[in-house]
Every structure is written in structure tokens, then in C-alpha cells.
Trainee: 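Take this structure, written in C-alpha cells, and hold onto it; I'll ask about it next.
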Protein chains: 2
Amino acid sequence: MLYLVGLGLADETDITVRGLEVVKKAERVYLEAYTSILLVDKAKLETFYGRPVIEADRELVETGSDDILANADKVDVAFLVVGDPFGATTHTDLVLRARELGIESKVIPNASIMSGIGCTGLQLYNFGQTVSMVFFTETWKPSSYYDRVKENVQLGLHTLVLLDIKVKEQSLENMARGRLIYEPPRYMTVAQCAGQMLETEEEREEGIWGPDSLAVGAARVGAADQKLVAGTLQELSQVDMGAPLHSLVLLGRRAHDLEKDYIRQFAVNGETFDASWKNGKYGSS
Amino acid sequence: MLYLVGLGLADETDITVRGLEVVKKAERVYLEAYTSILLVDKAKLETFYGRPVIEADRELVETGSDDILANADKVDVAFLVVGDPFGATTHTDLVLRARELGIESKVIPNASIMSGIGCTGLQLYNFGQTVSMVFFTETWKPSSYYDRVKENVQLGLHTLVLLDIKVKEQSLENMARGRLIYEPPRYMTVAQCAGQMLETEEEREEGIWGPDSLAVGAARVGAADQKLVAGTLQELSQVDMGAPLHSLVLLGRRAHDLEKDYIRQFAVNGETFDASWKNGKYGSS
């Protein structure tokens, strides 16, 4: 049996009781370690589980999945995923491959950022489609996300923006020379995301958002030191929210008063928040 | 401290390790028991936790929240919520009330149907806003949900439809006579939801969906006997998916091939599925 086990969002104790039972009993335990991270390292997980954990990088999952699945028709294999196994990154390909090999799968759900973002007090009912933001470079500033956010904005809906992480990436030079040297991991911050959004708007000039648009930054959702900040994109582009992971929500105009009361608690600046709320005609439908 | 603890979706073992620690140590433990249910009863939870649990009905939460919060500035109170505390039903009002009383709150996230629905293999990125479906009566068939689903359909996005549950409801007669007699609980089925959707379309006649529109029914998401069915709304209006809870996803046209491959595994009828996929122009963007 292949078990896909969600680990939740913050630390080793966010696994469910059922998930922990599976991990303790499985023959092999893999940790998917390239689309998201827990706020604790692998060693801590191994101590907590009392057993070794194999780190599964993108290459192993995408091209070596048969190694992961080896023998799983006879023994139990646990594949651990930060968040929920079918959350922001889905592992349907692994499940489909298992099925082709005649291996059954079971999923142990857990919190995902896609629902965990409800901690902002913004109602999940009022969210449109979720988008991802990649790191811009000097020469590559993809703006396809703009069109999807625009659809949400035009309907007055909130948008959850998931922020890029770069783990175990090679520089172009090292890749070209075939050197297996990896860059230090990078995690996009709320400030970088807000800055990139302003950059895209300047390029597109469709007025979908601007420096005064309201947004909420969320850091380390579900952890003891979770941090939420509400403010304009301009304000958020200068905010320091500390260690990863970060996410951002662009506020939709259908936001209602209970949502306003909640997020205003953690406004960077209550006055600019109120002014932007009023001028942006938030709260209308 | 007020702890809002997510219980996840299926049974007593879906609580997280961290959540369980909180429940074991809290002075009082409440279970929110009117917006969703676990697939096990309160007695089973009490045995698992080794302590009593107080059932919190709508009245207690909405008008008696100060009883729940009594003394919580000095002792720990755990408020258990099926799914995630900020998922489909948010408990921001309780947190705001706690704050007014000078009581700190912490949230222990867990799986919510809003992310758990990813078990269908449909990508959460491709979902628009979520809607709720209430039980129609002879005289009351609210169709405001139609307008929101329409927005999703026009963008080609999937829609998660959450289905009504009626727990501890009085009949009109018993309410009028002040008799505290409650009706047996009712949980909407996928078949009822699909039937009501066809009824609304017949009334609205805007052609947003029809009997051949594809949808996925999900029952007992996250449980050992989880069941998924894909088919046309006509087919789903006749399907029997067993015990609650049920949810439905109306498929959006932006659905892509990996999603198709995944849901076709559990099609009611492969041939009608393929015909509807083709005729409905699914897979185009």
C-alpha cells in the first residue's frame, strides 16, 4: 500500500494521530522536500518518528517514482507531503503510476495552505482561484498570473498568492558544467511578492491593482510564531515578516465587515488601512 | 487561552498530535456540533481523549459564547471544530469576542473539505469560489448560488458545492409551540444536490449547466470508505453514495487531461463520461 501522508503546515506535531501510526509502521518513509517545507528539519522528524526518513527531491519523484513504489504491492510505503497530499501541489501522478503497477493508495489528509489561509479571518467562500508567484529575474518576469488575478478582482473575490521556493536548484553555470553544486534555498517574502505585483501592474497598466490596494501577508501559518499583516501593497512591499514560509492575499472588493474587523487588528497602519478601504470601495458587492 | 482545534474530516484519529495534547490538558473541551459532523460520535471521541466533551450547539456558540469563554484568561479552553476552525465555517466571531474579553486564542489547523476535495484529483488551483446548497422545500428554493456558480462556469473553473446538514432543528410547529423536540438529523446527498441543481437550471434557463454537465460526487472524504463518483448531473442525481457527508464538484471547462485521467477512474459510465467531456468541450481553456 502507498500512503500519502499530509504533514500539515508547521512542525513535527502537526501530523495526525492516524498519519503517525502509518509512518511508524511503514517499511520505507519518503519526505517530499522540494515543493514546500516544514519549519523543522528532517532530523527533527526522524527523532519524532523514531526512524529514518528518505528525502525525495524532484528528480526522484518525477523520474524515479518506480523506486519509491518498489515492492509497495506487498509492503507499506509512506510518502510524506508538507501540507495536504492533494493541496497546493498534487501528487496525482504518483497515485496514477501506483495504480498502473497494481498498487493501492490511501491518502491521510491534513491542513493545507489552501484552507489554512482562513487564519487571516478572510472567508474561504470569498476566494477565487489561487495563483503562484515565481521569482522574477532581470530577463524573466512572467505575468500570466495577472490574467487570473484579474478575473478574481473583476468578480470582487480574494486571491491567495502562493510564493515561490527554490530548494536544491543549480545555477545555470553549474548546470551547464554538470556540477552537482546547489544554491542555498530561497523563499519568496511577502515584501518581494508585493513588489513584483506592483512591477507587473506598471508593465500591464490595466489598473487591476495599485500601490493602495489592500492585501494581507501571512507568515508561518499554523506555527506558534505565525504572523499576519494587513496593509496596502505599497506598505507590504516594505514589511519584514521574518522566516519563511510566506503567502499573500490580495483583498477582493466583496470583503464584508466581519472580515474587515478581523484583518484590521493586524494592520500596518490603521489610518492608511481605513483610507484605502474607503477609497478602494471595499465592502461593496 | 482559547484553543480552536481542527479535528479533520473522518474519525477520532484525524486530530493532530499537537491538537490531542491541547485537548488532554485543557480545563474544558467543547465540540462544535452543528455545522459539520465527524463520522464517529461524541462517545468515541470521549473514550479516545479520556475525558468528557461538552456538545456546543448553535445557540451556545452564538448567544452563549461568554459561557464557553468563562475563565479562559486563566485556564485553557479547547473548542473543537470538525475540519479546520477557519475552513468552511469560520469561527472568527468567537475569536473576536475572546479578544474583547482580553483572552488570547490559538488555532490548531487541520484538513478542511475546502482542501480535502483535492482527493478527487481536481487541482485546487482550478477552483473558483465555493458555494453552499441548502435543502429546497416546496415553497423555498433559493437560487442565489446560481449566480456565483455561473461566474465560475463562465471562467471555466470548478465549483465546490458544500451540502446542507440539519442537526438539532425543530419543526415549525414545535418551534411555534415552544416544544424542545428536535427532528432527526438530515444530510444532503450528492443525488439530492444534483437534482436541485437541475431544478434551478430549469427555472433560470440560462444554460449554465444541464443534465449532461460533468460533476464529481465525493462521500466521506478522508475516511477509509471514502467514495468518489464522476458522471453527468443526470447520472449523479440517481447515484447512491451511502452515508454522509457528501460534497459535489461541478467540473469547469478548463479541466486538463491529468484531471480527466484521474476522475475517469471512478466514472459511473465511461462512455457517457467521454461523450459528455467531448460535447461539453471540457479540456479547452
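In the text below, chain A, chain B and the rest are named by the order of the sequence lines, each starting its count at 1.
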Trainee: For A:R18 and B:A10, which heavy atoms make the closest approach, and how far apart are they?
Mentor: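 For A:R18 and B:A10, the tightest heavy-atom pair comes out as NH2-CB, 4.3 Å.
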
Trainee: Quick one: pull up CD in A:Q226 and NZ in B:K106 and give me the separation to the nearest 0.5 Å.
Mentor: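 Rounded to the nearest 0.5 Å, the CD-NZ separation comes to 10.5 Å.
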
Trainee: Would a 4.5 Å heavy-atom cut-off, applied to side chains only, mark B:D84 and A:L124 as touching?
Mentor: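 Sidechains of A:L124 and B:D84: no contact.
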
Trainee: Just how far is it from atom CG of B:L9 to atom CD1 of A:I108, taken to the nearest 0.5 Å?
Mentor: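 Output value for this atom pair is 12.0 Å.
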
Trainee: Flag yes if more than 12 heavy atoms outside A:K42 fall under 6.0 Å of its NZ atom; otherwise flag no.
Mentor: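 Buried by this count: over 12 neighbours within 6.0 Å.
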
Trainee: Taking all non-hydrogen atoms of both residues into account, name the closest pair between A:P109 and B:A111 and its distance.
Mentor: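 So the minimum-distance heavy-atom pair works out to CB-CB, 3.7 Å.
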
Trainee: With rounding to the nearest 0.5 angstrom, report the CG to CZ distance, A:L122 to B:F86.
Mentor: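 So the gap between those two atoms works out to 10.5 Å.
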
Trainee: Atom CG in B:L7, atom OG1 in A:T16: separation rounded to 0.5 Å?
Mentor: 12.0 Å

Trainee: Quick check: do A:R148 and B:L157 have side-chain heavy atoms less than 4.5 Å from each other?
Mentor: yes

Trainee: Among B:Q123, B:R254, B:Q129, find the one that has a side-chain contact (heavy atoms from CB on, under 4.5 Å) with A:Q129.
Mentor: B:R254

Trainee: Hey, are the side chains of B:E12 and A:V17 touching, using non-hydrogen atoms and a 4.5 Å cut-off?
Mentor: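 The answer is no, as the side chains (C-beta and beyond) never meet within the 4.5 Å cut-off.
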
Trainee: Checking A:V131 against chain B: side chain, backbone, both or neither under 4.5 Å from a heavy atom?
Mentor: backbone

Trainee: Can you tell which of A:A224, A:G87, A:C119 has the highest number of heavy-atom pairs within less than 4.5 Å of chain B?
Mentor: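 Top option by heavy-atom pairs under 4.5 Å: A:C119.
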
Trainee: Measure distances from B:N152 to the heavy atoms of chain A and classify the residue's part below 4.5 Å as side chain, backbone, both or neither.
Mentor: neither

Trainee: Does B:R51 CZ have over 12 foreign heavy atoms under 6.0 Å away?
Mentor: yes

Trainee: In Å and rounded to the nearest 0.5 Å, what is the CG to CG distance from B:D261 to A:L96?
Mentor: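 It comes to 6.5 Å.
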
Trainee: Got more than 12 heavy atoms from elsewhere within 6.0 Å of CD, B:E104?
Mentor: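 12 or below, so no.
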
Trainee: Who wins among A:V95, A:L4, A:T120 for the most heavy-atom pairs under 4.5 Å with chain B?
Mentor: A:V95

Trainee: Testing the basics here: between B:S115 and A:N110, what is the closest heavy-atom pair and its distance to 0.1 Å?
Mentor: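 So the two residues come closest at OG-O, 4.4 Å.
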
Trainee: For the interface with chain B, which of A:R99, A:H158, A:E21 has the highest count of heavy-atom pairs at distances below 4.5 Å?
Mentor: A:R99

Trainee: What part of B:I113 lies closer than 4.5 angstrom to a heavy atom of chain A: side chain, backbone, both or neither?
Mentor: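 Contact with chain A is absent: no heavy atom of B:I113 under 4.5 Å.
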
Trainee: Testing the basics here: between B:S132 and A:Y125, what is the closest heavy-atom pair and its distance to 0.1 Å?
Mentor: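 For B:S132 versus A:Y125, the nearest heavy atoms are OG-OH, 3.0 Å.
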
Trainee: For A:K227, look at atom NZ and say whether over 12 heavy atoms of other residues, nucleotides or ligands are found less than 6.0 Å away.
Mentor: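 Counting other residues, nucleotides and ligands, NZ of A:K227 stays at 12 neighbours or fewer.
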
Trainee: At a 4.5 Å cut-off on heavy atoms, which part of A:I15 comes close to chain B: side chain, backbone, both, or neither?
Mentor: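 For A:I15, backbone and side chain are both near chain B.
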
